[in-house]
Amino acid sequence: MTTTESSGSGDVSRSMELLWGTGERATRGPKPGLTLDRIVTAAIELADAEGLAAVSMRRLSTELGAGTMSLYRHVPGRAELVDLMLDRVQGEGAHAPEPHAAEPHAAEPDTADSDTAEPAPGWRKTVERAARDELALYQAHPWLLSVNQTRPVLGPGAVGGMESMLAGIKDTGLSDPELISVIIMVSGYVSGVARTQVHAVEVRQVTGISDDEFWRAQEPMLSTVMTSGRYPLMAALSPEAFGPDFDHFEFGLQRLLDGLEVLVEQRAKR
């Protein structure tokens with residue numbers, strides 16, 4: 001899957017207005033029941049089923065049973081619609097941070113409540129959950145990988161996800177730039193794994209050839225090559241080395257977290 005689109009490629013100001021609920025201008029004319037929410041939902045469903053390239057204002061108007069021009073009364077164009085789609089699905093995986101209730105006066109802690117309250121998950125569990133949620137998001141919406149998001153348009157979904165992540169890792173002792181770097185690092189790892197997984201599904205669908213059939217076609221030549229003595233380390237690998245049972249995602253995630261834990265422990269000693 002190649003990157004074919006960029007977030008923020010339309011009218012960014014209008015995208016921001018629509019994302020934050022200050023910009024829908026439809027006051028007359030559209031078919032009753034047609035709303036920005038319905039348009040975005042239909043666009044996501046279409047992209048999930050057929051890919052982002054299938055999403056056009058004309059196609060959406062057909063899916064929604066509305067005139068094409070009626071859609072433009074709600075959203076100025078496809079580029080802004082993509083911004084709305086991105087933020088909507090990003091919000092699916094975001095865990096909203098717990099609000100901090102203001103205490104009217106200092107009081108003795110309620111020991112009964114404190115004994116039963118669940119402890120904070122800790123930074124490592126926070127990052128683990130965020131990584132797994134992001135992977136699930138790519139699996140549910142593979143078209144996300146076709147969008148260049150180096151210039152993200154920050155709506156409630158994106159900002160809420162960042163807020164939730166920061167709430168879970170802020171006590172690591174890392175500086176603000178380092179906290180953002182943690183988020184970038186984890187997201188980069190997850191998107192790389194997700195891209196491989198999505199490509200694996202796509203190639204099976206496009207070629208009609210299963211993974212087993214693909215590797216069996218190479219087996220006669222590889223058997224000869226591996227017994228030639230030219231590649232002793234490859235030849236010595238166990239049959240499980242390339243098997244499907246090993247969870248490469250979890251292995252890599254845990255090693256990434258192990259490395260980060262070393263840094264957090266170093267900061268704690270300062």
Side-chain angles (χ1 to χ4, degrees), residues 1-4 47-48 51-52 86 89-90 92-95 121-150 152 158 161-162 164-165 168-169 172 174 178-223 225-227 230-265:
M1 177 179 292
T2 57
T3 300
T4 58
D48 289 346
L52 190 57
L86 290 170
V89 298
Q90 286 167 353
E92 291 177 7
H95 294 268
W123 70 264
R124 185 163 182 140
K125 290 296 183 184
T126 295
V127 176
E128 284 181 349
R129 183 178 68 178
R132 294 185 186 116
D133 286 349
E134 187 172 355
L135 182 63
L137 202 63
Y138 284 123
Q139 292 168 340
H141 310 287
W143 54 270
L144 285 170
L145 293 166
S146 68
V147 184
N148 178 347
Q149 296 189 62
T150 53
M162 290 278 287
S164 178
M165 183 73 153
I169 65 175
T172 53
L174 302 183
E178 289 170 335
L179 291 175
I180 297 302
S181 190
V182 168
I183 295 173
I184 293 171
M185 174 177 62
V186 173
S187 184
Y189 170 70
V190 175
S191 64
V193 173
R195 194 176 301 276
T196 299
Q197 292 182 352
V198 168
H199 283 175
V201 173
E202 283 184 345
V203 75
R204 289 193 292 268
Q205 293 173 340
V206 171
T207 65
I209 299 172
S210 70
D211 291 342
D212 286 342
E213 291 170 325
F214 175 78
W215 291 114
R216 279 201 301 271
Q218 299 186 57
E219 188 173 352
M221 181 60 69
L222 288 177
S223 295
V225 169
M226 289 302 152
T227 56
R230 294 169 60 191
Y231 309 101
L233 298 180
M234 285 288 292
L237 288 173
S238 68
E240 294 80 19
F242 299 101
D245 296 330
F246 189 85
D247 193 334
H248 294 281
F249 172 76
E250 280 297 328
F251 178 82
L253 177 60
Q254 296 306 320
R255 303 298 74 76
L256 185 152
L257 293 170
D258 289 344
L260 186 56
E261 189 163 1
V262 173
L263 177 60
V264 172
E265 289 175 351

Candidate pair Q254 and R124, rule side chain to side chain contact (heavy atoms under 4.5 Å, CB included), full reasoning: CA-CA 9 Å; Q254 296 306 320; R124 185 163 182 140; 2.9 Å; yes
Beyond-backbone contact of R132 with V190, side-chain heavy atoms, under 4.5 angstrom: no
Closest heavy-atom pair and its distance - V186, A131: CG1-CB, 3.9 Å
Rounded distance [0.5 Å steps], CG in L137 versus CG in D133: 8.5 Å
Distance-minimising heavy-atom pair for T150 and N148: OG1-OD1, 2.8 Å
Heavy-atom closest contact (Y138 atom, V198 atom, distance): O-CG2, 4.3 Å
Under 3.5 Å donor-acceptor, S187 side chain and I184 backbone: no
Within-4.5 Å side-chain heavy-atom neighbours: L174 and L263: yes
Side chain proximity check, V182 to W123, heavy atoms < 4.5 angstrom: no
Separation of F249 CZ from T196 OG1 (nearest 0.5 Å): 12.0 Å
Pairwise distance CG(L179) to OG(S181) - rounded to 0.5 angstrom: 9.5 Å
E128 with K125: basic N within carboxylate O range, under 4.0 Å: yes
D245 side chain near E240 side chain, heavy-atom distance below 4.5 Å: no
Nearest-0.5 Å distance that lies between atom CD1 in I183 and atom CE in M162: 4.5 Å
Pairwise side-chain contact, E219 with W215, heavy-atom cut-off 4.5 Å (strictly under): no
Closest approach of S191 to L145 (non-hydrogen atoms, all atoms of both residues): O-CD2, 4.0 Å
Least distance between heavy atoms, T172 atom then V264 atom: O-CG1, 3.6 Å
Gap between atom CE of M165 and atom CD of E134 - 0.5 Å precision: 8.5 Å
Interatomic distance, I180 atom CD1 to I169 atom CD1 [nearest 0.5 angstrom]: 7.5 Å
Donor-acceptor side-chain pairing of D212 and S210 below 3.5 angstrom: no
Side chain to side chain, Q197 and L135, heavy atoms closer than 4.5 Å: yes
Heavy-atom side-chain contact between D211 and R204 under 4.5 Å: yes
Distance-minimising heavy-atom pair for Y189 and H248: OH-O, 3.4 Å
